[in-house]
Amino acid sequence: QVQLTESGGGSVQSGGSHILACEVSGYTVGGYCLGWFRQAPGKEREGVAILDGNSMTTYADSVQGRFIMSLDQAKKTLFLRMNRLKPEDTAIYYCAADPRKYWLARPFTLSEYDYWGKGTQVTVSS
């Protein structure tokens, strides 16, 4: 059973950088769809970045060029480095995975993921 534990949430000033981590336990890492979603107050949960079984990363348009996701297989941890943060990046960030999914035509479809972390809050102040 895959368990996902996010960490690193906090408050940061607009324009700053921050790093989130998602520790994967109970399963191997890599070779399947694994990534980050976020949910802002009053909005639906949306995809941020997904790593697939081909080691290809898909980023949402809203974070492309600002966020960088990386996987440390030795530590079994997925990182999300967020740069040039904006107040609209304020959200609860969730880690999601599904070992049965090697690749997805629509990687940001929430229903494709069976495993979720509890989330970590990121607040960006202007």
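Just so it is clear, the values below take in all heavy atoms, side chains as well, and ignore hydrogens, waters and symmetry mates.
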Distance check, rounded to the nearest 0.5 Å: [X] atom [atom1] versus [Y] atom [atom2]?
X	Y	atom1	atom2	result
Ser25	Lys76	OG	NZ	6.5 Å
Arg45	Phe108	CZ	CZ	14.5 Å
Leu80	Cys22	CG	SG	10.5 Å
Asp89	His18	CG	NE2	12.0 Å

Please step through ring pair (Phe, Tyr, Trp, His ring centres under 6.0 Å) for the pair Trp103 and Tyr32, ending with a clear verdict. CA-CA 7 Å; Trp103 175 85; Tyr32 56 86; over 10 Å; no
Can you check whether Ile92's main-chain N or O pairs, donor with acceptor, with Gln39's side chain at less than 3.5 Å?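 Side chain of Gln39 to backbone of Ile92: no pair is present.
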Taking the side chain from Thr109 and the backbone from Pro107, do they hold a donor-acceptor pair closer than 3.5 Å?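 Between the backbone of Pro107 and the side chain of Thr109 there is no qualifying donor-acceptor contact (under 3.5 Å).
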Is there a side-chain contact between Asn54 and Tyr102, using heavy atoms and a 4.5 Å cut-off? yes
Are any of the side-chain heavy atoms of Trp36 and Leu78 separated by less than 4.5 Å?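 In contact.
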Are Phe79 and Leu71 connected in the hydrophobic side-chain network, where two residues link if heavy atoms are under 4.5 Å apart?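 In one cluster with Phe79: Leu71, no.
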I'd like to check the side chain to side chain donor-acceptor pair (under 3.5 Å) partners of Asp52; sequence neighbours left out, ordered by chain and number. none
Exactly one candidate in Arg38, Met69, Arg84 meets side-chain contact (heavy atoms from CB on, under 4.5 Å) with Val63; the answer is Arg38
Sort out for me which residue in Ile19, Val48, Leu20, Val12 forms a side-chain contact (heavy atoms from CB on, under 4.5 Å) with Met82. Leu20
Can you give me the closest heavy-atom contact between Thr57 and Ala49, atom names plus distance?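 Of all heavy-atom pairs spanning Thr57 and Ala49, the closest is CG2-CB, 4.4 Å.
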Compile the donor-acceptor pairs under 3.5 Å between side chains in residues 117-126 and protein atoms, sequence neighbours left out, one pair per line.
from, atom 1, to, atom 2, distance (Å)
Thr120, OG1, Gly9, N, 3.0
Gln121, NE2, Ala91, O, 3.4
Gln121, NE2, Thr123, OG1, 3.4

Specify whether Tyr93 and Phe67 have parallel, tilted or perpendicular ring planes, treating 30° as the upper limit for parallel and 60° as the lower limit for perpendicular.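 Because their plane-to-plane angle lies in the 30° to 60° range, the rings of Tyr93 and Phe67 count as tilted.
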Assess the residue pair Asp72 and Thr77 against the criterion (side-chain hydrogen bond (donor to acceptor under 3.5 Å, both in side chains)); give the C-alpha distance rounded to whole Å, side-chain angles, the decisive distance to 0.1 Å, and a yes or no. CA-CA 5 Å; Asp72 186 325; Thr77 301; over 6 Å; no
